[in-house]
Q: 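Below is one structure. I have some questions about it.
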Amino acid sequence: FPDRVLFRDLTHQDSGQWSYERIRRRVRETAAVFLDRGRPAPDDGRPLRVALLSANSIGGACVDLACLCHDIFITPLDVHSSLENLVWIFDRLDITTAVCDTPDRLERLLAARERCRRPFRIFTLMPDEPAAGEDVHFLDRGRAALSGADVDAILADRPRLGLRDPATVMFTSGSTGRPKGVLFTQLNLVSKRFARAAALPEVGRDEIMLCYLPLYHTFGRYLEMLGTIFWGGTYVFAGNPSAETLLAQLKEVRPTALISVPVRWVQIRDRIVDLQREHAGGTESAEVFRSVVGDRLAWGLSAAGWLDPKVFRFFHRHGVKLCSGFGMTEATGGITMTVPGGYVENSLGTPLPGIEAELAGDGELVIRGPYVMIGYLKDPEGRPSFDDDGWFHTGDLMGRDANGQFHMVDRKKEIYKNVKGQTIAPQKVENLFRDFESVARIFLVGDHRPYNTALIYPNYKFEEVDLASLSSSELKAHYRSLVVSANAFLAPFERIIDFAVIDRDFDLDHGELTPKGTFRRKIIERGFADIIK
């Protein structure tokens, strides 16, 4: 279907719509430029390895696809990567070619090249800006200089990768502060596409995905971009990931599917509820719902965090099959998912086709299968990626019910022991407060301590009680009753003995939360040490 629209870019009005055939030509030309002009010198001895430092765009996506489709090793990098991390990554991968899209990222690459052990060429996606420095080239000019015959000849003569050879690496946050490189093969990427398609049998060629997850994000790169191509659908670049932009684009694009983090699903729901209060007297209206999400939205996936079951049920009532799931970069994204139309509250679903998922003796989820990574990139701590039976240990403690549905218990490394050696899973205790709407956030403290305490931040939007008007003693009394209720469900050593109401929420700026919104526990404990004491 060469004339079908593959890419649509909302960030540039003149970008238009790019057909599969047009993208195919650009991908082939881009690969030929790298193979012709991006290779190291013959006496260098290094294989061609590309790093991509670009925001979501058609040009950046074509660079990624050019490499994945033509046996060129590539790593897409977080555009916010520090200079120090870029140098560290480039040296570890021995990068020979780097691609950027803006003047400031070009400056970062030039600075990195000054500090890297070995040189690399730089290509820019910018159309007219003057390049600076030696070995900085315009990718569009390189493509224009090659004839169709040149492209065919260069690609026919390229070195080939085997199905199980490393083809790409993606970086995630590491516990040591340095990024953690996750290695994938073509077998990983292709088998995952068949497996995800088997889990979503109703998804097909007419899919239109509105996509704002970055292409250096596992779900953005694999499920959205490669999934769109697998299904023969249309991928729409959303650009600005803000809630207001997303809400506006839902109306304009009228997508059939949306992959998003929990907070965006909550914001979409809240906008609909606000409009229903204004126009329908508070009753749920299909017309108002569709005025926000568009008339074609049929399914979605909430990933990378917990979403209130009430939000799932809200979308289900209006005909959107919103699925829950669990995944990680090491498994090319998804590992489990609830069946579309078969949501189970607080469940992460059952394993996707093609993957084995079991619980180890301590409850840790272990996985293996054709789309689980082949390993980490030169793990500096020398940790094995897999055990002797080929299982990858995820570090997540889970439970599984009689129907095979998995649910999260805690991160294994976040489990701690009190001074008596009793093991406590803080997330288990914190989860008991999810249904208390006056609690915006609760954080359990008790590692190597005689008992558990908690930090509570109020939800000042709570409508039943004006929390901001309460005195400190009244506020403490309100939350004391909630703590007593939660303690009734806990073993004596798990219970919260005392707590403090804090005057600010945890946030990214203080380094207290990850980008997914999970706690960085040690940093929080240090920042609130006096209150905890």
Side-chain angles (χ1 to χ4, degrees), residues 1-35 52 54-72 74 76 99 101 123 125-127 138-156 158 189-190 193-194 196-197 200 202-215 220-239 249-259 294-298:
F1 31 87
D3 297 328
R4 186 181 298 276
V5 175
L6 169 53
F7 287 150
R8 181 182 171 197
D9 192 347
L10 299 178
T11 63
H12 301 287
Q13 292 186 358
D14 59 348
S15 293
Q17 299 181 348
W18 290 62
S19 69
Y20 274 75
E21 176 57 30
R22 188 180 178 190
I23 292 298
R24 177 179 178 272
R25 287 198 305 270
R26 179 163 179 164
V27 163
R28 286 172 58 82
E29 291 165 358
T30 300
V33 171
F34 292 152
L35 290 163
L52 175 61
S54 169
N56 281 18
S57 67
I58 289 175
C62 286
V63 167
D64 197 13
L65 290 170
C67 295
L68 292 178
C69 294
H70 297 96
D71 307 281
I72 301 169
I74 183 171
V99 184
D101 61 337
F123 286 87
L125 297 170
M126 295 181 289
F138 291 100
L139 189 55
D140 284 349
R141 294 179 189 174
R143 292 193 301 108
L146 295 175
S147 68
D150 292 335
V151 171
D152 291 342
I154 292 169
L155 296 184
R158 73 184 187 273
L189 308 192
V190 175
R193 300 281 52 80
F194 282 94
R196 180 66 81 173
L200 295 166
E202 296 180 10
V203 175
R205 192 168 294 180
D206 295 325
E207 289 302 316
I208 299 175
M209 284 193 174
L210 178 60
C211 307
Y212 73 89
L213 295 177
L215 291 175
R221 189 187 193 199
Y222 293 147
L223 177 51
E224 291 184 333
M225 185 176 72
L226 294 188
T228 294
I229 296 170
F230 181 94
W231 284 307
T234 298
Y235 176 110
V236 182
F237 290 88
Q249 291 174 346
L250 283 170
K251 296 180 184 178
E252 176 184 355
V253 176
R254 298 164 51 231
T256 61
L258 179 67
I259 315 299
D295 59 327
R296 296 187 294 202
L297 188 64

Q: Is the closest side-chain heavy-atom distance between Thr228 and Phe7 below 4.5 Å?
A: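 In short, these two side chains do not touch, never coming nearer than 4.5 Å.
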Q: Name all residues meeting the salt bridge (charged side-chain N to carboxylate O under 4.0 Å, His left out) criterion together with Arg193; count only those two or more places apart in sequence or in a different chain, and write none if there are none.
A: none
Q: Does some side-chain heavy atom of Leu223 sit less than 4.5 Å from a side-chain heavy atom of Arg196?
A: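 Arg196 reaches Leu223 side chain to side chain.
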Q: Tell me if a side-chain donor or acceptor on Thr234 pairs with a main-chain N or O of Val5 at a distance below 3.5 Å.
A: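 At least one qualifying donor-acceptor pair exists.
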Q: Could I get the full list of salt bridge (charged side-chain N to carboxylate O under 4.0 Å, His left out) partners for Asp152, not counting sequence neighbours?
A: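 Expected list: Arg28.
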Q: Can you check whether Val33 reaches Leu139 side chain to side chain, under 4.5 Å on heavy atoms?
A: yes
Q: Can you tell if the side chain of Arg8 reaches within under 4.5 Å of the side chain of Leu210, non-hydrogen atoms only?
A: no
Q: Please examine the side chains of Phe230 and Val203, heavy atoms only from C-beta on, and report whether any two atoms are closer than 4.5 Å.
A: no
Q: Side chain of Asp101, backbone of Ala55: donor and acceptor closer than 3.5 Å?
A: yes
Q: Please confirm whether the backbone N or O of Ser19 pairs with a side-chain atom of Asp3, one donor and one acceptor, at under 3.5 Å?
A: no
Q: Looking at Arg254 and Arg296, would you say the former's side chain and the latter's main chain have a donor-acceptor pair under 3.5 Å?
A: no
Q: Which residue, Val63, Leu65, Asp140, forms the side-chain contact (heavy atoms from CB on, under 4.5 Å) with Arg26?
A: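 Single pass found, and it is Asp140.
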